[in-house]
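Both counts, for ligands and for their atoms, begin at 1 and track the order of listing. Just so you know, these numbers use all the heavy atoms, side chains as well, and skip hydrogens, waters and symmetry mates.
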Amino acid sequence: MSVNVYGSGDPVRLFVAGLHGDEWKDTSDILYNLKTPIHGTLITIPVVNSGEYVSTLDESYYKNKGKIIIDTVIKYQPSIYVELHSYSGENIVYLTDKNRLKKTGVPAYSKLDNNVLLGSVAPYIRRNYFSKKALCLSFEIKKSDEKSKQFAAKMADIVKECNSRDDFILFLKQKYPEQAEKAIENYKKFYGL
Ligand SMILES: [Zn+2]
């Protein structure tokens with residue numbers, strides 16, 4: 001597993017993929033192909049762990065298999081953090097379930113285009129390692145779906161040029177107003193402001 005650093009200075013963004021199981025197959029390439037951002041720093045970890053699947057909602061994930069993420073966050077203090085995950089088609093109903101918060105303790109994902117889903121990251125890492133002003137996003141890509149992967153690559157490219165949380169919110173409000181509203185509402189409900 002390698003940690004790559006592109007560019008320098010603020011803002012610092014950390015993008016991670018291949019977090020567990022075989023998700024690297026649908027996500028890691030996206031990070032290998034990202035170019036140095038115009039402003040600031042981009043750090044990537046294209047393959048965090050390709051071993052046994054442990055959910056990021058399980059706190060032990062970031063203490064064991066995903067420890068490299070925490071170490072990198074502590075070292076570089078990113079203000080923008082992105083996780084790229086992939087899901088099997090049949091699981092979309094659970095990921096976008098309106099009652100997901102009640103059922104799993106985390107808000108539902110919003111659907112963007114090409115079956116790419118947008119959500120936040122696990123409460124454990126969000127609450128313990130990032131300031132409230134940080135932008136923490138998780139994209140879920142549909143497994144073995146080239147269009148889904150290409151669209152997620154486009155989103156990664158946009159986020160890596162964002163300089164702040166507000167930059168991204170502005171983009172989302174313009175392009176996906178409904179999803180933006182939902183994401184902001186979820187965020188406020190979950191983390192306060
Ligand atoms: Zn995942």
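In this structure, Asp97 contributes its side chain and Val93 its backbone to no donor-acceptor pair below 3.5 Å. When atom types are taken as modelled, the side chain of Arg13 and the backbone of Thr41 share a donor-acceptor pair closer than 3.5 angstrom.
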*Trace of the side chain to side chain donor-acceptor pair (under 3.5 Å) decision for Ser164 with Asp166*: CA-CA 5 Å; Ser164 64; Asp166 288 350; 5.2 Å; no

*Let me see the working for Leu137 and Ile80 under side chain to side chain contact (heavy atoms under 4.5 Å, CB included), right down to the final yes or no.*
CA-CA 8 Å; Leu137 303 173; Ile80 295 178; over 6 Å; no

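The shortest side-chain heavy-atom distance between Leu19 and Lys65 does not fall under the 4.5 Å cut-off.
Of the listed residues (Tyr87, Tyr53, Tyr62), just one forms a ring-ring contact (aromatic ring centres under 6.0 Å, His included) with His20, and that residue is Tyr53.
The set of protein atoms (N, O or S) found at less than 2.8 Å from the Zn ion (ligand 1) reads His20 NE2, Glu23 OE1, Glu23 OE2, His85 ND1, by chain and number.
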